[in-house]
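Report on one structure; see the data block that follows.
We name chains A, B, ... by the order of the sequence lines, and we start the count at 1 in each one. Only heavy atoms go into these numbers, but all of them, side chains included; no hydrogens, no water, no symmetry mates.
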Number of protein chains: 2
Amino acid sequence: MPVTVLLVDDEPLVRAGLRAVLEAQPDIEVVGEAADGAAVIPLVRQLRPDVVAMDVRMPLLDGIEATRAVLRTVDEPPKILVVTTFENDEYVYEALRAGADGFLLKRARPAEIVHAVRLVAEGESLLFPASVRQLAAQYGEDGGNRAARALLERARLTEREAEVLRLVARGLSNAEIAARLVVGTETVKSHVSAVLAKLGARDRTQAVITAYESGFVAPG
Amino acid sequence: MPVTVLLVDDEPLVRAGLRAVLEAQPDIEVVGEAADGAAVIPLVRQLRPDVVAMDVRMPLLDGIEATRAVLRTVDEPPKILVVTTFENDEYVYEALRAGADGFLLKRARPAEIVHAVRLVAEGESLLFPASVRQLAAQYGEDGGNRAARALLERARLTEREAEVLRLVARGLSNAEIAARLVVGTETVKSHVSAVLAKLGARDRTQAVITAYESGFVAPG
DNA sequence: GATCGTCTCCCCCGTGCGGGGGAGGCTCGT
DNA sequence: ACGAGCCTCCCCCGCACGGGGGAGACGATC
């Protein structure tokens, strides 16, 4: 059975574009569209899509609130793929924190869009690292530090949070990090939580993956 | 205050070599030597070293048993650095499982040995990834797959365990891995535990780090 | 036939982790 | 003087995680 998708975006053009891209795939089926967040819940209940491709900025009910609403009111909720116009959209992190499963740039190439839908449908929530990876690629061969800086800008990690992420990515526990930084474990927990939210990671394991994939820490 | 080290090896030559290398450092002090595992516990109690550099294969009491004994009988036990002659030593994994904090190849360059001692003294248990990294480097430019295979051989991961590690390194939870592999979560837990033990990792985060550092999974 | 390794699943149990809040102090910019 | 952002620490809470055991089924090997 194909992956069913519900499109939610206030711009008809974007919906048409997504539909064209996705319907070109034999294993993906667009089962519905909505123009704003308020229409999402009844449609989800009725259509039971596997994935909801949801714009962040919308009239009436934005993508963040809509995401929260869907996850709270629907049992066996669909995977939620947050769609955004440009990378520096801090609403995305709010949406990911609200429980969205991934995010996607509108300017992404068709193949990437299709890939993203398939991934979230499979239950992967690793879209963020993938996007960061492509971001790192933008910075070319010397990717390392610039990509790391880009991650910092993108995710808006504070200095302290970046420091904590570095230690997390070296395998230290919260207690060990606390000892190293000479602060309380509760403080470290706060920083780690902030990092997870900003990276769209579910746990420290995913944060470490993002750190490696983005070049924020370098292997070897 | 300097890092104090106790050397445990049945070969006087090796002890002399380690001593020469370590004593060349102003911040490292060799406070004692032992020729077999049986002599370790009283010496540890008496000298209270920060680090014990312990050979694996020794007469009377081998490094594994000695490690276990020290950790069980001494409070505030020293960090234990397992020393081995060649990489394919399965006793090393036993030792790491017994609670050793890191391992070290005898053929390592002096700078690496010094580095290893400092690291474990600081409370890092990441020596394994570092060593794997140098292993990966041995395999040259095409490191990737061969390094991964080397990790498999080295750690003696079974196929299933390798499969589980790959999924862990993609950020999946035990429940998600179970769903993906169509087995019970308890089964996944068993595999994950086996992987952690074999890699000398404390938790899945450290396992992911090892996976990246070894080239078992490739970033980008 | 017996043994070994692997894969599968089960139990109990402690705790580290992460989410949800809140709150005080600090610096900086307006 | 005020707010914004950051760092610090605190509470409660649920759960996934990981350690420690054990056990049955299967195939390969001897």
Side-chain angles (χ1 to χ4, degrees), chain A residues 64 67-68 71-72 90 93-100 123 125 152-153 155-165 167-169 171-210, chain B residues 68 71-72 90 93-94 96-100 125 152-153 155-165 167-169 171-210:
Chain A
I64 301 160
T67 297
R68 241 187 288 269
L71 294 180
R72 205 173 43 222
E90 55 182 317
Y93 304 102
E94 282 295 332
L96 291 170
R97 189 188 315 210
S125 54
L152 284 182
E153 294 164 18
R156 291 192 158 63
L157 293 187
T158 67
E159 294 242 347
R160 201 54 157 175
E161 287 161 358
E163 203 171 357
V164 168
L165 175 56
L167 295 176
V168 168
L172 304 201
S173 67
N174 288 340
E176 287 169 342
I177 294 171
R180 177 77 65 96
L181 299 182
V182 200
V183 297
T185 60
E186 297 296 331
T187 302
V188 175
K189 283 178 62 177
S190 292
H191 291 316
V192 170
S193 290
V195 168
L196 296 184
K198 288 181 177 178
L199 295 188
R202 186 179 48 194
D203 50 45
R204 60 208 297 113
T205 305
Q206 291 191 353
V208 168
I209 293 169
T210 299
Chain B
R68 241 188 288 269
L71 294 180
R72 206 173 43 222
E90 55 180 316
Y93 304 102
E94 282 295 333
L96 291 170
R97 190 187 315 211
S125 54
L152 285 183
E153 294 165 17
R156 292 192 154 62
L157 294 186
T158 67
E159 294 243 347
R160 202 55 157 172
E161 287 162 358
E163 202 172 358
V164 168
L165 175 56
L167 295 175
V168 167
L172 303 202
S173 67
N174 289 340
E176 287 168 342
I177 294 171
R180 178 76 65 98
L181 300 182
V182 200
V183 297
T185 60
E186 296 296 331
T187 302
V188 175
K189 283 178 61 177
S190 293
H191 291 315
V192 171
S193 290
V195 169
L196 296 184
K198 289 181 178 178
L199 294 187
R202 185 180 49 195
D203 49 46
R204 63 207 294 111
T205 305
Q206 291 191 353
V208 168
I209 293 169
T210 299

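- Using a 4.0 Å cut-off on heavy atoms, the residues of residues 187-195 of chain B that approach DNA chain D are B:Lys189, B:Val192, B:Ser193, listed by number.
- One can place CG of B:Leu181 at 8 Å from P of C:dT8, the figure rounded to the nearest angstrom.
- Rounded to whole Å, atom P of C:dT8 lies 15 Å from atom CZ of B:Arg180.
- Distance from the side chain of A:Asn174 is smallest to C:dC17 among D:dT8, D:dC10, C:dC17.
- Distance B:Arg160 CZ to D:dC26 P: 17 Å, rounded to the nearest Å.
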Scan the side chains in residues 186-197 of chain A for donor-acceptor partners under 3.5 Å anywhere in the protein, sequence neighbours excluded, and list what turns up.
| from | atom 1 | to | atom 2 | distance (Å) |
| --- | --- | --- | --- | --- |
| A:Ser190 | OG | A:Glu186 | O | 3.2 |
| A:Ser193 | OG | A:Lys189 | O | 3.1 |

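- What separates CD1 of B:Ile177 from C1' of C:dC9 is a distance of 17 Å, to the nearest Å.
- Phosphate contact (OP1/OP2 of D:dA16, side-chain N/O of B:Thr185, threshold under 4.0 Å): absent.
- The distance from atom CG of A:Leu172 to atom C1' of C:dG16 is 14 Å, rounded to the nearest whole Å.
- The interatomic distance linking A:Glu161 (CD) with D:dG5 (P) rounds to 13 Å, in whole Å.
- Residues B:Asp203 and B:Val182 both approach DNA chain C. Their nearest nucleotides, taken by heavy-atom distance, put B:Val182 toward the 5′ side.
- Note: A:Ser173 OG to B:Gln206 CD = 8.5 Å, rounded to the nearest 0.5 Å.
- For the pair B:Ser173 and A:Glu159, nearest-nucleotide mapping onto DNA chain D gives the more 5' position to A:Glu159.
- Note that CG of B:Asp203 and OG1 of A:Thr205 are 7.0 Å apart. Values are rounded to the nearest 0.5 Å.
- End-to-end axis angle of the helix from C:dG1-D:dC30 to C:dT15-D:dA16, from C1' rotation axes over five pairs per end: 10° (rounded to 10 degrees).
- Side-chain contact check for A:Glu176 versus A:Leu167: every heavy-atom pair is 4.5 Å or farther apart.
- Considering only side-chain atoms of A:Arg204, the nucleotide from C:dG18, D:dC17, D:dC9 that sits closest is C:dG18.
- Taking CG of A:Leu157 as the start and CD of A:Glu163 as the end, the distance is 12.0 Å to the nearest 0.5 Å.
- In this structure, A:Leu181 and A:Val164 have side chains that are in contact, with non-hydrogen atoms separated by less than 4.5 Å.
- Atom-to-atom, CZ of B:Arg202 to C1' of C:dT15 comes out at 13 Å; the value is rounded to the nearest Å.
- In this structure, B:Glu186 places its CD atom 15 Å from C1' of D:dG24, rounding to the nearest Å.
- Between B:Ala201 and B:Ala207 the shortest heavy-atom distance is CB-N, 3.7 Å.
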